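Just so you know, these numbers come straight off a predicted model, no measurement behind them. Each ligand, and each atom within it, is numbered from 1 in the order the structure gives.
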Amino acid sequence: MTHIDIPTDSEFGIDNLPYGIFGTPSTAARGGIRYGDMVIDLFVALGDPDFASPRLNAFMARGRSRWVEVREAVTDMLASGTTPAEAIVSVSDVTMHLPFEVADYVDFYASEHHASNIGRLFRPDSAPLLPNWRHLPVAYHGRAGTVVVSGTDITRPRGQRKAPDEPSPTFGPSRRLDIEAEMGFVVGVPADGPISPDQFSEHVFGAVIVNDWSARDIQAWEYVPLGPNLGKSFATSISPWVVPLLALEQARTSTPVQDPEPLEYLRESRSWALDIDLTVAWNGHVVSRPPYSSMYWSPAQMLAHETSNGATSRTGDLFASGTISGPEKNQRGAFIELTWGGSEPVNLGSETRTFLEDGDEVVIAASAPGPNGSRIGFGDVRGHVRGSDLHLPN
Ligand SMILES: O=C(O)/C=C/C(=O)CC(=O)CC(=O)O
Ligand SMILES: [Ca+2]
Ligand SMILES: [Mg+2]
């Protein structure tokens with residue numbers, strides 16, 4: 001039995017306890033909880049076979065009463081110094097894996113600042129926000145099978161690109177590869193129909209950071225009228241630690257005033273808007289600090305909308321917020337906004353950038369307020385851009 005000491009200001013303290021899938025050179029991938037700079041092997045510590053699995057899906061499907069039970073058992077174990085020594089692994093000795101099998105992946109567009117900026121850049125001749133935007137959380141279906149864990153290299157996608165001044169498209173590596181800093185939410189308990197905003201915490205297990213890589217040249221040419229496809233489907237990265245909703249009580253806040261008042265099925269009795277601060281670092285330089293609290297639609301409203309037509313939900317369904325951009329320039333969560341379509345390069349020390357170059361690395365980190373002045377860390381999601389090495393079709 002071991003008492004684990006961690007720094008009092010750790011973002012992975014007793015009030016956080018996020019879940020992930022870790023492996024070591026001697027153990028296969030399985031479920032663990034992060035505490036300070038340690039990972040607690042939950043299969044060894046609790047003997048629960050759900051944690052012998054290389055994905056969290058079985059545990060996530062158990063539901064809220066089991067989530068509370070395990071959280072309490074781990075909290076008691078850590079507080080009483082009774083963690084079995086053989087269940088404690090240093091984070092520096094583990095490889096983190098994709099935490100859950102992604103069932104479906106839907107990406108929203110819930111930031112008014114992002115939607116207005118993108119509207120101006122993509123559709124300069126129309127009003128920046130389309131007429132539906134304040135009535136429903138706009139979204140598109142992404143590609144679940146290309147959601148990857150933080151640390152996975154991102155190969156520059158190829159595709160059809162056509163700038164407005166080019167007479168016809170060409171095929172080749174994207175010249176405008178971008179990021180999107182977002183938060184994602186994962187469904188634990190399936191549903192056979194609508195999930196009202198007030199049922200959110202019965203179904204949603206937790207949250208991760210998302211980087212929705214986007215090839216703006218491919219996207220701009222392909223997206224009319226059906227929305228993004230190959231410009232985004234090549235990869236979406238998520239952080240390895242799933243912060244349970246149970247750790248986010250102190251982070252709950254309210255959305256900005258929603259005017260017009262949303263239709264009844266989108267109304268929350270207490271909002272699931274969350275106060276989460278993100279940072280975006282490009283080759284080690286922090287270029288943006290997007291505030292999640294500025295999002296117009298809450299995650300409970302997004303899930304309510306996505307299921308409002310009667311569609312079923314599955315364990316592992318991932319839905320992301322959409323790019324998080326605040327009102328200020330240094331709060332924009334995509335480089336296309338930060339550099340205003342590539343016309344205002346950002347400084348990275350001795351270099352400048354508009355879009356991503358091969359070899360670049362992007363790290364998005366996030367944290368939220370916890371009890372008694374503590375911070376709840378999400379860790380980070382990182383990705384390194386590799387040159388395109390796919391064959392060109394003839
Ligand atoms: O407005 C458009 O045509 C496209 C918007 C996006 O690229 C946004 C998207 O993926 C959703 C988001 O991240 O907000
Ligand atoms: Ca996106
Ligand atoms: Mg993507």
Numbered atoms and elements of ligand 1 in range of I118, under 4.0 angstrom, heavy atoms = 1 (O), 2 (C), 4 (C), 5 (C)
Got more than 12 heavy atoms from elsewhere within 6.0 Å of CG, D76?
-> yes
Short question: side chain of N16, backbone of G377 - any donor-acceptor pair under 3.5 Å?
-> yes
To the nearest 0.1 Å, how far is atom 1 (O) of ligand 1 from its closest protein heavy atom, and which atom is that?
-> Y109 OH, 2.6 Å
Ligand 1 versus R216: contacting region, heavy-atom distance under 4.0 Å = side chain
Is there a donor-acceptor pair closer than 3.5 Å between any side-chain N or O of Q219 and the backbone N or O of S214?
-> no
Would you mind checking which non-hydrogen protein atom is closest to atom 11 (C) of ligand 1, with the distance to 0.1 Å?
-> F108 O, 3.1 Å
Which of the numbered atoms in ligand 1 are below 4.0 angstrom from a heavy atom of D212?
-> 10 (O)
What atom name does the N, O or S atom of D212 nearest to the Ca ion (ligand 2) carry?
-> OD2
With a cut-off of 4.0 Å, which atoms of ligand 1 are near a heavy atom of G322?
-> 12 (C), 13 (O), 14 (O)
For F355 and D217, run side chain to side chain contact (heavy atoms under 4.5 Å, CB included): C-alpha distance rounded to whole Å, both residues' side-chain angles, the deciding distance at 0.1 Å, then the answer.
-> CA-CA 11 Å; F355 292 95; D217 42 359; over 6 Å; no
Y223, any N or O under 3.5 Å of ligand 1 N or O | no
Would you name the N/O/S atom of E180 that lies closest to the Ca ion (ligand 2)?
-> OE1
In E182, the N/O/S atom nearest the Ca ion (ligand 2) carries the name OE2
Drop me the distance from Y223's OH to R216's CZ, to the nearest 0.5 angstrom.
-> 11.5 Å
Within 45 degrees of the axis of the six-membered ring of F43 and under 6.0 Å from its centre: does R30 put its NZ or CZ there?
-> no
The Ca ion (ligand 2) -> D107, closest N, O or S atom is OD2
Heavy-atom contacts with R123 under 4.0 Å: which atoms of ligand 1 show up? List them by number with element.
-> 1 (O), 2 (C), 3 (O)
What's the shortest distance from atom 4 (C) of ligand 1 to any protein heavy atom, and which residue and atom give it?
-> Q219 NE2, 3.3 Å
May I ask you to identify the nearest protein heavy atom to atom 9 (C) of ligand 1, giving residue, atom name and distance to one decimal place in Å?
-> K232 NZ, 3.5 Å
Less than 4.5 Å apart, any side-chain heavy atom of Y140 and any of D107?
-> yes
Interfacing atoms of ligand 1 (cut-off 4.0 Å, heavy-atom, E182) | 13 (O)
Mind checking whether R382 and S237 have side chains closer than 4.5 Å, heavy atoms only?
-> no
Between S325 and R332: side-chain donor-acceptor atoms closer than 3.5 Å = no
Using a distance-only test with no angle check, is there a side-chain donor-acceptor pair under 3.5 angstrom linking T170 and R161?
-> yes
